[in-house]
Q: 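First, the structure itself, so that you have it in front of you.
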Amino acid sequence: MSVIKADAYGHGAITAAEALKESDAFAVARLKEGVFLRQKGVEHPIVLLEGVNTEQDFITASEYQLSPVIHLHSQIQLLQTLTLPKPLAFNWLMVDSGMHRLGIRPEQVEMALTLLAESSNISGEVGLMSHFANSDLDGDPRNQKQLAHMLALKHKTSLPLCLANSAAVICLAESHQQWVRPGLMLYGVSPFSDKSGTELGLKPVMTLKTQLIAVYDLEVGDQVGYGGEWTAEVPTRIGVASIGYGDGYSRHLSNKAEVIIRGIKAPVIGRVSMDTICINLNHVEQAETGDDVIVWGTANLAVEQLATLAETIPYELVTVLCQRVNKEVINGES
Ligand SMILES: *Cc1c(COP(=O)(O)O)cnc(C)c1O
């Protein structure tokens with residue numbers, strides 16, 4: 001089950017759905033994302049990980065043959081009272097095995113399954129889903145505890161399990177069971193803060209690129225950008241690249257990140273603006289206006305490294321890319 005929520009982690013939901021068409025199913029978070037995939041012709045089973053809470057949303061899910069995850073008793077009650085245009089298929093009950101985010105408590109699962117089995121709005125068997133809170137911490141005993149809850153339920157009910165996100169796919173083989181549910185790793189990015197994608201054999205799908213829109217020289221003492229947070233201590237050639245926080249390039253990368261120009265790494269200097277960043281070109285002497293600027297997506301300039309510099313996770317950097325950023329599919333077979 002390939003997770004393509006949040007516009008496939010910023011990569012483009014339709015592009016990702018086509019590239020991942022051999023998946024047995026897709027998962028998104030919200031109804032709107034599922035409807036969008038259907039309107040674009042995606043025919044796979046589509047799970048809505050957040051579920052839905054109103055009669056109208058259940059009806060829409062039914063009309064578009066989407067599969068909202070059941071994680072609340074009130075959702076089961078709603079299904080007992082209404083009659084959907086078509087029964088929901090490919091159903092999943094989310095179990096709270098320890099994360100305490102969404103899910104029915106393990107001791108209430110059998111009752112919930114009984115009620116769902118009686119509902120004419122549910123067709124076929126209901127699988128059991130759960131989510132790990134700490135699967136990115138390899139060897140953390142809390143993962144085994146969550147897994148034990150789910151294996152016990154599988155033993156009691158003989159239903160299929162769907163547990164593993166990317167980190168568990170990579171590090172927790174016992175969690176694989178009948179279905180896996182990776183997101184981030186499909187895009188070639190590591191879910192671990194202490195292991196790079198390259199170390200895991202992953203290859204970044206996304207290369208984020210822009211161009212230099214100006215190149216000129218600064219004198220000693222010249223300050224760069226809002227707040228003048230960078231001052232030239234030697235004569236400096238500066239380049240201005242067309243990307244900023246208005247594109248999703250984090251302002252927390254101000255004065256910290258690097259980019260690649262003509263194969264050479266060059267530091268981002270001064271604050272990130274809405275539309276631009278400034279770059280120290282003293283070691284890229286040939287650089288000129290119009291040159292490509294690689295912002296992330298190579299083995300030596302991975303989004304994981306930039307996430308560490310920005311004190312966040314790569315999930316955030318890739319998902320917040322804005323509509324203004326052009327997405328071009330290269331080597332895509334679709
Ligand atoms: C986002 C999400 C996933 C995918 O997680 P990754 O860490 O990106 O692999 C799986 N399951 C649920 C419930 C999610 O919300």
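Each ligand, and each atom within it, is numbered from 1 in the order the structure gives.
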Q: Would you mind listing each N/O atom of ligand 1 next to any protein N/O under 3.5 Å, plus the distance?
A:
unit_1: ligand 1; atom_1: 7 (O); unit_2: Tyr315; atom_2: OH; d: 2.6
unit_1: ligand 1; atom_1: 8 (O); unit_2: Tyr9; atom_2: OH; d: 2.6
unit_1: ligand 1; atom_1: 8 (O); unit_2: Leu184; atom_2: N; d: 2.8
unit_1: ligand 1; atom_1: 9 (O); unit_2: Ser166; atom_2: N; d: 2.7
unit_1: ligand 1; atom_1: 9 (O); unit_2: Ser166; atom_2: OG; d: 2.5
unit_1: ligand 1; atom_1: 9 (O); unit_2: Gly183; atom_2: N; d: 2.8
unit_1: ligand 1; atom_1: 11 (N); unit_2: His131; atom_2: ND1; d: 3.3
unit_1: ligand 1; atom_1: 11 (N); unit_2: Arg181; atom_2: NE; d: 2.8
unit_1: ligand 1; atom_1: 11 (N); unit_2: Arg181; atom_2: NH2; d: 3.2
unit_1: ligand 1; atom_1: 15 (O); unit_2: Lys5; atom_2: NZ; d: 2.6

Q: So, the side chain of Lys154 versus the backbone of His149: is there a donor-acceptor pair under 3.5 Å, distance only?
A: no
Q: Would you please say whether a donor-acceptor pair under 3.5 Å links the side chains of Asn143 and Ser135?
A: no
Q: Can you tell me which residue pairs pass the salt bridge (charged side-chain N to carboxylate O under 4.0 Å, His left out) test with a partner in residues 214-242, sequence neighbours excluded?
A: Asp217-Arg237, Glu229-Arg271
Q: Do Asp57 and Lys32 meet the salt-bridge criterion of a basic N to acidic O distance under 4.0 Å?
A: no
Q: Would you find more than 12 non-hydrogen atoms of other residues, nucleotides or ligands less than 6.0 Å from Arg38 atom CZ?
A: yes
Q: Can you tell me how the ring of Tyr315 sits relative to the ring of Tyr9, calling it parallel under 30°, perpendicular over 60° and tilted otherwise?
A: tilted
